[in-house]
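Structure record follows, encoded as structure tokens.
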Amino acid sequence: MLVVMQQGASEPQIQGVIDRMVELGFNVHRSTGVIHTVLGGVGGKDEFDLAVFEVMDGVKEAVRIASPYKLASRSFRPAGTVVRVGDVDIGGERVVVMAGPCAVEGRDQIFGAAEIVAAAGARVIRGGAFKPRSSPYSFQGLGEEGLRYLRDAADRYGLKVVSEVMDPSQIPLIREYADIFQVGARNMQNFILLRELGKERKPVLLKRGIAATIEELLLSAEYILSGGNYDVMLCERGIRTFETYTRNTMDISAIPVVHKLSHLPIVADPSHGTGRRDKVAPMARAALAAGADALIIEVHQDPDRAFSDGAQSLRPNQFVELMGQLRAIAPAVGRSL
Ligand code: PEP
Ligand code: MN
């Protein structure tokens, strides 16, 4: 249920509604918009009369939310969410590019990558220190050592850090070094992890599972939001279909669909979305044109020798060229880069 307060509703009026919602068994989540304050009530009884709220002072309207996700729904924050990562805003007019290797492989590699992507205009460096690999024999990541390289390189080149968390036990370590927790496709429905991230006060980049519907993605986001962490970004990274030419099928349509259904920013990952280097730039351009708020792109100085995902990693010159194209496209869709 949502209670939309009137423009200019007073703090005591808002508090009165919150108290009544609590009395009726709801957990209350407050969204203070520029014009309206919206109070989201979750977990209360299904059977109650909306009129209880409609007649209260300062209330504009009370509505039942039909969708199974409440806090992730667009009606909770009609103007959209801007996730703030220091001085980097994700979900605003300026599109943010996150770039870097699939995995942190060493100090020189990460410092080199950070220099390249920062010079090209990226604002966040990516790199896994804990890698979810399909095979237990593949490179599993450098762990804390990798996180330290990422942090140092990011600080040196004025970047933020996004890195994957695979298990609740890794949260304290990753919190210390990264600015954004990445939840990988394989963990989109790791509900214990999602609940723990709901207690954090650091942004989360939640990737769509390889066979997940958009509704399932939004429900996974709801786990984090319902814990009180509202800084969630969703990520389209390709889904598994019958097509085998590409590694995954990049669902560009998920971008406008998510924007309509949810207030959360959406990030596009054309690297995992296609799995092939030569398809990354076209899909990145399409994602920007379709309204993506950010892009996350794998870049490697020597992709043929990359420990993971070399086939989909752009070479530095390809990334620089792509950034030029994105800069040209952005104004056509009312954005900048
Ligand atoms: C990654 O970002 O390198 C990664 C493992 O992504 P995904 O979870 O989308 O496969
Ligand atoms: Mn990867």
Side-chain angles (χ1 to χ4, degrees), residues 96-105 109-110 113 117 122 124-136 138-143 146-147 150 160-167 170 174 178-190 193-194 197 203-212 214 216-217 220-221 224 232-241 246-252 254-255 258 266-277 279-280 283-284 287 292 294-315 319:
V96 171
V97 176
M98 312 180 186
C102 177
V104 183
E105 300 168 8
Q109 172 234 18
I110 277 298
V117 302
V124 179
I125 185 163
R126 60 147 294 143
F130 297 99
K131 294 304 301 174
R133 305 306 302 278
S134 298
S135 162
S138 301
F139 175 63
Q140 305 284 310
L142 294 182
L147 289 168
L150 266 177
K160 304 289 181 236
V161 170
V162 57
S163 200
E164 179 160 355
V165 56
M166 289 167 59
D167 184 89
Q170 297 165 345
I174 296 175
D179 301 296
I180 304 169
F181 290 107
Q182 175 175 324
V183 176
R186 292 157 193 80
N187 274 311
M188 188 203 84
Q189 289 190 315
N190 180 341
L193 177 62
L194 300 178
L197 290 170
V204 177
L205 174 72
L206 176 64
K207 293 186 125 193
R208 182 178 182 183
I210 57 170
I214 292 171
E216 287 164 341
L217 173 63
S220 289
I224 304 170
V232 177
M233 299 164 250
L234 305 169
C235 179
E236 166 57 38
R237 49 78 73 206
I239 48 174
R240 188 161 284 178
T241 67
T246 43
R247 180 180 178 188
N248 293 295
T249 297
M250 180 81 184
D251 182 8
I252 297 285
I255 298 165
V258 164
I266 181 143
V267 181
D269 176 349
S271 307
H272 296 86
T274 61
R276 307 252 183 141
R277 190 176 307 137
K279 311 292 182 293
V280 172
M283 286 297 105
L295 296 163
I296 182 162
I297 298 171
E298 289 185 341
V299 179
H300 197 285
Q301 293 97 309
D302 187 2
D304 298 333
R305 289 189 181 71
F307 291 4
S308 60
D309 287 351
Q312 67 193 32
S313 298
L314 294 186
R315 300 178 196 285
F319 180 64

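In each ligand, atom 1 is the first atom listed, and ligand 1 is the first ligand listed. Numbering of residues begins at 1 and proceeds along the displayed sequence. Note that this is a predicted model, so its numbers are computed, not measured.
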_Please report whether ligand 1 has a polar contact with Ala185, defined as an N or O pair separated by less than 3.5 Å (distance criterion only)._
yes
*Could you tell me whether some N/O pair between Asp269 and ligand 1 is separated by less than 3.5 angstrom?*
no
*asked:* Using a 4.0 Å cutoff against the non-hydrogen atoms of Cys102, which atoms of ligand 1 qualify?
replied: 3 (O)
*Side chains of Ile210 and Arg237: closer than 4.5 Å at any heavy-atom pair?*
yes
*Short list, please: which atoms of ligand 1 are under 4.0 Å from a heavy atom of Arg237?*
7 (P), 9 (O), 10 (O)
*Between atom CG of Leu205 and atom CZ of Arg126, what is the distance when rounded to the nearest 0.5 Å?*
9.0 Å
_How long is the straight-line distance from CG of Asn187 back to CG of Leu206, given to the nearest 0.5 Å?_
10.0 Å
*Gly184 heavy atoms, cut-off 4.0 Å: which ligand 1 atoms fall inside?*
8 (O)
*Applying salt bridge (Lys or Arg N to Asp or Glu O under 4.0 Å), name anything that partners Asp302, two or more places apart in sequence or on another chain.*
Arg305
*So is there a nitrogen or oxygen of Asp309 less than 3.5 Å from a nitrogen or oxygen in ligand 1?*
no
*asked:* If we count only N and O atoms by modelled type, under 3.5 Å, do the side chains of Asp309 and His272 hold a donor and an acceptor together?
replied: yes
*Using a 4.5 Å cut-off on heavy atoms from C-beta on, say whether the side chain of Arg315 contacts that of Arg277.*
yes
*asked:* If you compare all heavy atoms of Ala212 against all heavy atoms of Ile239, which two are closest, and at what distance to 0.1 Å?
replied: O-CG2, 4.2 Å
*Short question: side chain of Ser163, backbone of Gly127 - any donor-acceptor pair under 3.5 Å?*
yes
_Partner of Thr241 under side-chain hydrogen bond (donor to acceptor under 3.5 Å, both in side chains), chosen from Thr246, Asn248, Thr249, Asp251_ = Thr249
*So is Glu164 polar-close to ligand 1, meaning N/O to N/O under 3.5 Å?*
no
*Which residue supplies the protein heavy atom nearest to atom 6 (O) of ligand 1, what is that atom called, and how far is it?*
Lys207 NZ, 2.9 Å
*Test item: Glu164 side-chain N/O and Lys131 main-chain N/O as donor-acceptor pair under 3.5 Å*: no
*What number of protein N, O or S atoms occur at distances under 2.8 Å from the Mn ion (ligand 2)?*
4
*Which is closest to atom 4 (C) of ligand 1 in terms of heavy atoms, Arg208, His272, Gln312, Met166?*
His272
